[in-house]
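Below is one structure, written out as structure tokens, with a few remarks after it.
Each chain gets a letter, A, B and so on, in the order its sequence line appears, and its residues count up from 1. Any value given below was found using the heavy atoms of this structure, including those in side chains, with hydrogens, waters and symmetry copies removed.
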Protein chains: 2
Amino acid sequence: MSRADLSSQTCTIARAVALVGDEWTFMILREMFLGHRRFDDFLRQTGMSSHLLSQRLKKLVAEGVICREAYSERPPRHEYRLTAMGRGLWPVVIAMKQWGDRWLGGGETPVEIVHKGCGRVSQPRMTCPECGEPMAAHDAAPRLSETFDKERQAARRQP
Amino acid sequence: MSRADLSSQTCTIARAVALVGDEWTFMILREMFLGHRRFDDFLRQTGMSSHLLSQRLKKLVAEGVICREAYSERPPRHEYRLTAMGRGLWPVVIAMKQWGDRWLGGGETPVEIVHKGCGRVSQPRMTCPECGEPMAAHDAAPRLSETFDKERQAARRQP
DNA sequence: GAGGTAACTTCATATTTAGAAGTAAGTCAA
DNA sequence: TTGACTTACTTCTAAATATGAAGTTACCTC
């Protein structure tokens, strides 16, 4: 199975990964959450090749994660912005940042997050909205839907 | 710049992405958080090639995200488990799942999360630990460290 | 001793990526 | 009014990476 086929799976993680789960797409998203919008900025700040950047931007536009807008008619100039769908990826990028800071950072934190609501530097964390407690891996038990469970049982029995 | 070079960047997101930011690594992590530990299970449930699976597992072991342990001496059999570092990736996978459910799921939720603490089905979300409020993209302002900011200004001026 | 299983490895082919170079439509400065 | 510069790309080729099929090792079970 190729990476592209992940998008047709039942699992929503697989679908999400097919769309935004590659290295350079993450780097583009990082730039967007840092406020950048232009092709050349993405190019210079990520270090990716222009060919790939072009491909990734097209894919993200086609899927509705970002949109392409003219900010000047003459000369014709365009920029890319996150849509609501794209802004929804903030927790993913932040979770990745927190993990990188904790396990790969060597004590330094290149980017801090200021919570506009309370004005403080914040290290956002996953919390259960039902009881308000913070959640980590050992606090959670996955429960598969019947359909999905059957699908996976079938996969187990494959050669 | 190649994908491998991301690991030597200052940005901790880039470093995290270099380590776990590819499609198949995400699929392996999904399986691990669903409780699977064996090579053949990963193979069947993810649909990836055995060659790649082998490479990815080696990389994750080498970096300390997972560990390889014998569960039988004769015949020699091994399984893979998440380390503390690996379990720390739970928020990333969950954030990805929430986003997939919201934007790509078509109304179905193949996996639900039960919070062991309160016993309820939970949709964990990012919260500011300083004030307890939920956080999303528009609530957050990034603040770059001086060193990192300079590095990025320099990148802007590159040809 | 035939068949099966877990956990891989090897190999040939196919696809994707990286890096360099090139292009179009304009602006700006002398 | 020409030549340099900018943004936002596209094209090209070589190199790296992924895929799928087949093979391997070391056992176990019937």
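Taking every side-chain heavy atom of Tyr71(B) into account, dA6(C) is the closest of dT17(C), dC8(C), dA6(C). Candidate nucleotides dA18(D), dC9(D), dT17(C) were compared by shortest atom distance to the side chain of Gln55(B), and dA18(D) ranks first. In this structure, of dT7(D), dC8(C), dA18(C), it is dT7(D) that holds the atom nearest to the side chain of Asp40(A).
At dC9(D), one or more side-chain N or O atoms of Tyr80(A) fall inside 4.0 Å of OP1 or OP2 (strictly under the cut-off). Side-chain N/O atoms of Trp24(B) include one lying less than 4.0 angstrom from OP1 or OP2 on dT19(D). Close to dT17(C), at under 4.0 Å from its OP1 or OP2, lies a side-chain N or O of Arg56(A). Between Arg68(B) and dC8(C), a side-chain N or O to OP1/OP2 separation shorter than 4.0 Å is present. One finds no side-chain N or O of Lys58(B) lying less than 4.0 angstrom from the OP1 or OP2 phosphate oxygen of dA7(C). In this model, the phosphate group of dT9(C) is approached by a side-chain N or O of Ser54(B) to a distance below 4.0 Å at OP1 or OP2.
Under the 4.0 Å criterion applied to side-chain N and carboxylate O atoms, Asp22(A) and Arg56(A) are assigned as salt-bridge partners. The pair Glu63(A)-Arg15(A) does not count as a salt bridge, with every side-chain nitrogen at least 4.0 angstrom from each carboxylate oxygen.
Under 3.5 Å, the side chain of Arg3(B) and the base of dT17(C) form no donor-acceptor pair of N or O atoms. Counting atom types as modelled, Ser2(B) pairs no side-chain N or O with a base atom of dT17(C) as donor and acceptor under 3.5 Å. Side chain Arg38(A) to base dT7(D): no donor-acceptor pair is found below 3.5 Å. Residue side chain Ser50(B) reaches the base of dT9(C) through a donor-acceptor N/O pair under 3.5 Å, judged by distance alone.
Distance, Leu52(B) CG to dA16(D) P: 17 Å, rounded to whole Å. When the P atom of dA8(D) is taken as reference, atom CD1 of Ile28(A) falls 14 Å away, rounded to whole Å. dG4(C) atom C1' lies 18 Å from atom CZ of Arg157(A), rounded to whole Å. Here the C1' atom of nucleotide dA15(D) and the CE atom of Met1(B) are 17 Å apart, to the nearest Å. Atom CZ of Arg44(A) is separated from atom P of dC9(D) by 14 Å (rounded to the nearest Å). Rounded to a whole Å, the CG atom of Leu53(B) is 13 Å from the P atom of dA18(D). Note: CD (Glu73(A)) to C1' (dT7(D)) measures 15 Å, nearest angstrom. One interatomic measurement links the two molecules: CZ of Arg37(B) to P of dA6(C), which rounds to 16 Å at whole-angstrom precision.
In this structure, Gln55(B) places its CD atom where more than 12 heavy-atom neighbours from other residues, nucleotides or ligands lie under 6.0 Å away. Shown here is Glu69(A), whose CD atom has more than 12 heavy atoms of other residues, nucleotides or ligands within 6.0 Å.
If you find the closest nucleotide of DNA chain C to Pro76(A) and to His51(A), the one lying nearer the 5' end belongs to His51(A). Between Ala4(A) and Arg77(A), the residue whose closest nucleotide on DNA chain C is further toward the 5' end is Ala4(A).
Note on Met48(A): nothing from the nucleic acid sits closer than 4.0 angstrom, heavy atoms only.
Taking the centre and axis of the six-membered ring of Tyr71(A), the NZ or CZ atom of Arg38(A) falls inside the cone set by 45° and 6.0 Å.
Inter-residue side-chain proximity for Ile66(A) and Glu79(A) is flagged as unmet; no heavy-atom pair is nearer than 4.5 Å.
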